[in-house]
**Q** 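Dropping a structure here in C-alpha cells format, bear with me for questions.
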Amino acid sequence: MDCRPIGIFDSGLGGLTTVRELQRLLPSEQIVYFGDTGRVPYGTRSRETIRKYARQDIRFLLSHQVKMIIIACNTVAAALAGDTDFLPVPFAEALTPAVHAAVRATRNGIIGLIGTKATVQSGAYERTLRELDPSLQILPAACPLFVPLVENGYTSPDNPVTRLVAEEYLAEIRARNADTLILGCTHYPIIQPLLQSLMGSHVTLIDSGQEAARSARDRLFQLELQAPPGSAGGCRYFVSDSASEFQESAEAILGHPISGTARQIDIEEFPDRI
Ligand code: DGL
C-alpha cells in the first residue's frame, strides 16, 4: 500500500481521458495531472523536442513525490520508443496497451490507426502491432487537425467542421473495411461519438487513454502500490497556460466539477535532465 499520488501528463486535455478512467477504476487514488497547454500540440514537433518536453513534464511530476507516472500521451510514448530506463518510478503508457486491446478486438485482422503526425511517422504502433501478429493489415493515418479542434472545443458529434475533417482523415480506413480503429492519441476519445458514427457501430474503437489507465491499474496492483482502501481520492490539476480556460474544458470532459482550482506553473523552471 502506498498513499503517494499517481502522476499523469499529456500535452493538454487528452490525458483527461486517462484521468476519467483511472478515477472510475481506482477512486481512492490521489492524482497529480499536468497538461502542457502552453506547448500543445506535441505531435507536430521533432522527436528531440518531444523528448525534452516529456523529461520536463516528468521532472514536474516527480517534484510531487509521485509513486507512478502515466504517460497519457501516445506522441511521447512513441518518441521514447522504449527508452524509459531514466524513469526513477514505475510507469504506464498509452501505446502498448492500446495495441494489445486492438489485437484482441480485431476479427478480420484489418486495423486502422489514427494518431498525431509524430506518432504515425515514428512507426511505433506498426512495429508493436506486427510484433504481436505479423499477419495484420495496418492502415495508419495522421490526423494533425484533431488536437487543435479538441483543444478549441470543436468536439460535439454534429460539429460540421470536425465532421468534415474526420471524413477526410478516415476515408481510406473506412473504404478498406477495418473492423478496429485505434484512437492512437489520447485527445481523440473526446470526439469518440463523432468517430464512431462515421466508422459505424460494427467497428471497435480502441481508446488509448482508457487503456493507459487500465494498464496503470494492473501495474499498481502487481507492485502492491495501491492506496489503502477507503482513502479519499482526488486529483490536482496543473497546466502551463491559462488555468481558467483549462478548468472549464476539463470539467466538460470529466463530466464533473473539479475540486479546488487548476493551477498554472512555469514548466521551463523544470530541467530536462532526470
Ligand atoms: N494527446 C497526445 C497523444 O496522445 C498528444 C497530442 C499532441 O499534443 O499533439 O498523442
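Note: hydrogens, waters and symmetry copies are ignored here, and every other heavy atom, side chains too, is used. In each ligand, atom 1 is the first atom listed, and ligand 1 is the first ligand listed. Computed from a predicted structure; not experimentally measured.
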**Q** For atom 10 (O) of ligand 1, what is the closest protein heavy atom, and at what distance to 0.1 Å?
**A**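 Closest protein heavy atom to atom 10 (O) of ligand 1: Thr75 OG1, 2.6 Å.
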**Q** Taking Tyr237 as the fixed residue, which of Leu254, Ile8, Val32, Ile31 is the one that meets the side chain to side chain contact (heavy atoms under 4.5 Å, CB included) rule?
**A**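 Only one of Leu254, Ile8, Val32, Ile31 forms a side chain to side chain contact (heavy atoms under 4.5 Å, CB included) with Tyr237, namely Leu254.
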**Q** Under 30°, 30 to 60°, or over 60°: which ring-plane class applies to Phe270 and Phe60, parallel, tilted or perpendicular?
**A**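 Rings of Phe270 and Phe60: perpendicular, over 60°.
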**Q** Can you find an N/O atom of Val147 closer than 3.5 Å to an N/O atom of ligand 1?
**A**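 No - when backbone and side-chain N and O of Val147 are compared with those of ligand 1, no distance drops under 3.5 Å.
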**Q** Give the cluster check for Val19 versus Phe9: same hydrophobic cluster or not, with ILVMFWY residues linked at side-chain heavy-atom distances below 4.5 Å.
**A**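 Looking at the clustering, Phe9 is in a separate group from Val19.
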**Q** Return a yes/no value for Asn74: is any of its N or O atoms, backbone included, closer than 3.5 angstrom to an N or O of ligand 1?
**A**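 Such a contact does occur with ligand 1.
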**Q** Among protein heavy atoms, which sits nearest to atom 2 (C) of ligand 1, and what does the distance come to when rounded to 0.1 Å?
**A**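 The closest one turns out to be Asp10 OD1, 3.1 Å.
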**Q** Report yes if Thr119 has an N/O atom closer than 3.5 Å to an N/O atom of ligand 1; otherwise report no.
**A**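 The answer is no, given that Thr119 and ligand 1 share no N or O pair closer than 3.5 Å.
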**Q** Would you call Ala94 a ligand 1 contact, heavy-atom distance under 4.0 Å?
**A**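 The answer is no: ligand 1 sits nowhere under 4.0 Å from a heavy atom of Ala94.
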**Q** Return the closest protein heavy atom for atom 9 (O) of ligand 1 as residue, atom name and distance.
**A**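 Answer for atom 9 (O) of ligand 1: Gly43 N, 2.8 Å.
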**Q** Is the shortest side-chain heavy-atom distance between Thr119 and Gln121 below 4.5 Å?
**A**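 No; the side chains remain at least 4.5 Å from each other.
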**Q** With respect to Ser11, determine whether any N or O atom, backbone or side chain, lies less than 3.5 Å from an N or O atom of ligand 1.
**A**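 The answer is yes, given that Ser11 and ligand 1 share an N or O pair closer than 3.5 Å.
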**Q** Got Arg236 and His64 here, is their nearest side-chain heavy-atom distance under 4.5 Å?
**A**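 When only atoms from C-beta onward are counted, His64 and Arg236 do touch, with a gap below 4.5 Å.
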**Q** In terms of side-chain heavy atoms, does Tyr42 have a donor or acceptor partner in Asn74 at a distance below 3.5 Å?
**A**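 No - no donor-acceptor pair under 3.5 Å links their side chains.
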**Q** Out of curiosity, does Val120 fall in the hydrophobic cluster containing Leu95 (side-chain heavy atoms, cut-off under 4.5 Å, transitive links)?
**A**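 No, separate clusters.
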**Q** Can you sort out which atoms of ligand 1 are near Thr116, meaning under 4.0 Å from one of its heavy atoms?
**A**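 The list of qualifying atoms is 6 (C), 9 (O), 10 (O).
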**Q** Counting heavy atoms only, which part of Pro41 comes closer than 4.0 Å to ligand 1: side chain, backbone, both or neither?
**A**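 Pro41 to ligand 1: contacts from backbone and side chain alike.
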